[in-house]
2 protein chains.
Amino acid sequence: MARKHDPDFLTSVELEFMNGLWAVGSGTVREIMANMDAEVDRAYTSGATVMRILEQKGFVASDKKDRALVYTPVLSKNEYQGRSIRQMSKSLFDGAPGALVARLVDDEMLTDEMIEQIRSLLDDKQEKSNG
Amino acid sequence: MARKHDPDFLTSVELEFMNGLWAVGSGTVREIMANMDAEVDRAYTSGATVMRILEQKGFVASDKKDRALVYTPVLSKNEYQGRSIRQMSKSLFDGAPGALVARLVDDEMLTDEMIEQIRSLLDDKQEKSNG
DNA sequence: GCATATGTACTAAGTTTTTAGATGATAAAT
DNA sequence: ATTTATCATCTAAAAACTTAGTACATATGC
């Protein structure tokens, strides 16, 4: 059954599976599930259903190798990260990505190490754009 | 009807309404809906239902003023922003907020102004924690 | 006073999400 | 060769999401 309005974003369970898939590159349901932060004990068929839905939604493609379906991401993790950041920026930070970073930096849970990491990223960015 | 597992995060429609509420501070269903980016034409009763659910979930509280219920956020936008960033960092950036910034800096147009702004936020942050 | 507007509360329908059982095909093990 | 494991596919069911109608109460306009 096709979906009325296929969504641009993953549900939390779908994201779990996509993370498993991105981790292995390509793989069968079992391989994907083996590469997930498995705090949840899920039946194999549940995983198969999720992967089938992800294919319906266009996030993955499948190819039959011997008996098993081997799934491959259609969307890279990098692309999905960008899409997610833009969505969050739009829906929660008035469309300003800078506001998102500002909020992140403002967070108490940020260690000095993380701050230095961000600072050097900003240095690189300015070097690249200003010569 | 109470929910089995009350979630920490808003659905997209709920977020629309919370943005409306955060924008007005406190307000009735009608006031909230008036302050939403109203690309969708929704019935008043739909809004009332969403607000009731948001109260069930603990995101807002209500207080009867005359006839109408005046809703107030339980969670500030700032708090929810932090929660969302942490969630996204955890689920999509291996728990490293720096990786999120890296991804953002990588393909978004951050002006020098924004970068300087962020840099001074970082300075403030380190001053506060170290000096 | 009566019609109109505005409000809550209840109810419900359609869809999506999440999980997993049942069935049948095919490969592997003994 | 028959049992056992693995796989896809079909089906289903509970929960959540989204929208809105209906009913009823209470103000407001005339």
Side-chain angles (χ1 to χ4, degrees), chain A residues 1-21 24 26-34 36-72 87 91, chain B residues 1-21 24 26-34 36-72 87 91:
Chain A
M1 182 126 48
R3 281 179 170 56
K4 287 267 156 63
H5 180 66
D6 39 26
D8 293 332
F9 295 96
L10 302 163
T11 66
S12 57
V13 170
E14 286 167 357
L15 179 53
E16 271 187 75
F17 278 82
M18 286 305 293
N19 275 327
L21 177 55
V24 292
S26 292
T28 64
V29 171
R30 214 166 281 278
E31 288 164 349
I32 293 163
M33 288 179 89
M36 290 168 49
D37 311 322
E39 62 253 351
V40 189
D41 179 35
R42 238 180 299 251
Y44 170 82
T45 49
S46 304
T49 304
V50 173
M51 290 313 297
R52 181 161 40 83
I53 291 170
L54 282 171
E55 186 163 26
Q56 283 172 9
K57 292 186 177 179
F59 287 103
V60 305
S62 69
D63 189 30
K64 201 144 206 162
K65 281 254 148 52
D66 294 323
R67 275 189 303 156
L69 290 177
V70 175
Y71 287 98
T72 312
Q87 170 63 16
S91 66
Chain B
M1 180 121 51
R3 286 188 165 50
K4 287 267 157 62
H5 179 65
D6 39 26
D8 292 332
F9 296 96
L10 301 163
T11 66
S12 57
V13 170
E14 285 167 356
L15 178 54
E16 273 186 72
F17 277 82
M18 286 305 292
N19 274 327
L21 177 55
V24 292
S26 292
T28 63
V29 170
R30 215 166 279 278
E31 288 164 349
I32 292 163
M33 287 177 89
M36 288 166 52
D37 310 322
E39 62 254 350
V40 189
D41 179 36
R42 238 181 299 249
Y44 171 82
T45 49
S46 304
T49 304
V50 173
M51 291 312 299
R52 182 161 41 82
I53 290 169
L54 282 170
E55 185 163 27
Q56 283 171 10
K57 292 186 178 178
F59 287 103
V60 304
S62 69
D63 188 31
K64 200 144 208 161
K65 279 254 150 52
D66 292 323
R67 275 189 305 156
L69 289 176
V70 175
Y71 288 98
T72 311
Q87 169 63 18
S91 66

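These numbers come from a predicted model, not from an experiment. Naming: A, B, ... by sequence-line order, numbering from 1 per chain.
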Please classify the nucleic acid contact of B:Lys65 as base, sugar-phosphate, or nothing, using heavy-atom distances under 4.0 Å.
nothing

CG of A:Asp66 versus P of D:dC7: gap in Å, rounded?
11 Å

Touch check for B:Ser12, heavy atoms < 4.0 angstrom, all strands: base, sugar-phosphate only, or nothing?
sugar-phosphate

Is it true that, when you exclude A:Asp6 itself, more than 12 heavy atoms of the residues, nucleotides or ligands shown sit nearer than 6.0 Å to its CG?
yes

Which of these nucleotides, D:dT9, D:dT18, D:dA16, is closest to any side-chain atom of A:Leu69?
D:dT9

CD of B:Gln56 versus P of D:dA15: gap in Å, rounded?
15 Å

Examine distances only and state if a side-chain atom of A:Asn19 and a backbone atom of B:Ser91 form a donor-acceptor pair shorter than 3.5 Å.
yes

For atom CZ of A:Phe9 and atom C1' of D:dC17, their distance in whole Å:
18 Å

Ignoring the backbone of A:Lys4, work out which of D:dT22, D:dC7, C:dT15 is nearest its side chain.
C:dT15

Are the side chain of B:Glu55 and the backbone N or O of B:Ser62 linked by a donor-acceptor pair below 3.5 Å?
yes

Could you state the atom-to-atom distance from CE of B:Met51 to P of D:dC17 in whole Å?
15 Å

Does A:Arg3 make a side-chain N or O approach to OP1 or OP2 of C:dT17 shorter than 4.0 Å?
yes

Output the rounded distance in Å from CD (A:Glu31) to P (D:dT6).
13 Å

Determine yes or no for a side-chain-to-main-chain donor-acceptor pair under 3.5 angstrom, with B:Glu14 supplying the side chain and B:Thr11 the backbone.
yes

B:His5 NE2 to C:dT19 P, in whole Å, measures 11 Å

Side-chain N or O of A:Ser46 versus OP1/OP2 of C:dA20: is the shortest distance under 4.0 Å?
yes

Whole-Å distance, B:Glu14 CD to C:dT17 P, equals 14 Å

Atom CG of residue position A:Asp8 - does it have more than 12 heavy atoms of other residues, nucleotides or ligands inside 6.0 Å?
yes

Quickly work out the A:Arg52 CZ to C:dG21 P distance and round it to whole Å.
15 Å

Side chain of A:Arg42 only, heavy atoms from C-beta on: which candidate in C:dT18, D:dT19, D:dT22 is closest?
C:dT18

From the set D:dA20, D:dA8, D:dA25, return the single nucleotide nearest to any side-chain atom of B:Arg67.
D:dA25

A:Val40 has a side chain; which of C:dT8, D:dA8, C:dT19 sits nearest to it?
C:dT19

Presence of B:Lys57 side-chain N/O under 4.0 Å of D:dC17 phosphate oxygens OP1/OP2:
yes

Would you say C:dT8 has OP1 or OP2 under 4.0 Å from some side-chain N or O of B:Tyr44?
yes

Closest nucleotide among D:dT19, C:dG7, D:dA20 to the B:Val13 side chain
D:dT19

When we call it a touch if two heavy atoms are under 4.0 Å apart, what does A:Thr11 touch: a base, just sugar-phosphate, or nothing?
sugar-phosphate

Using a heavy-atom cut-off of 4.0 Å across all strands, would you classify B:Ala48 as base, sugar-phosphate, or nothing?
nothing

Classify the nucleic acid contact of B:Thr49 as base, sugar-phosphate or nothing, counting any heavy atom under 4.0 Å across all strands shown.
base

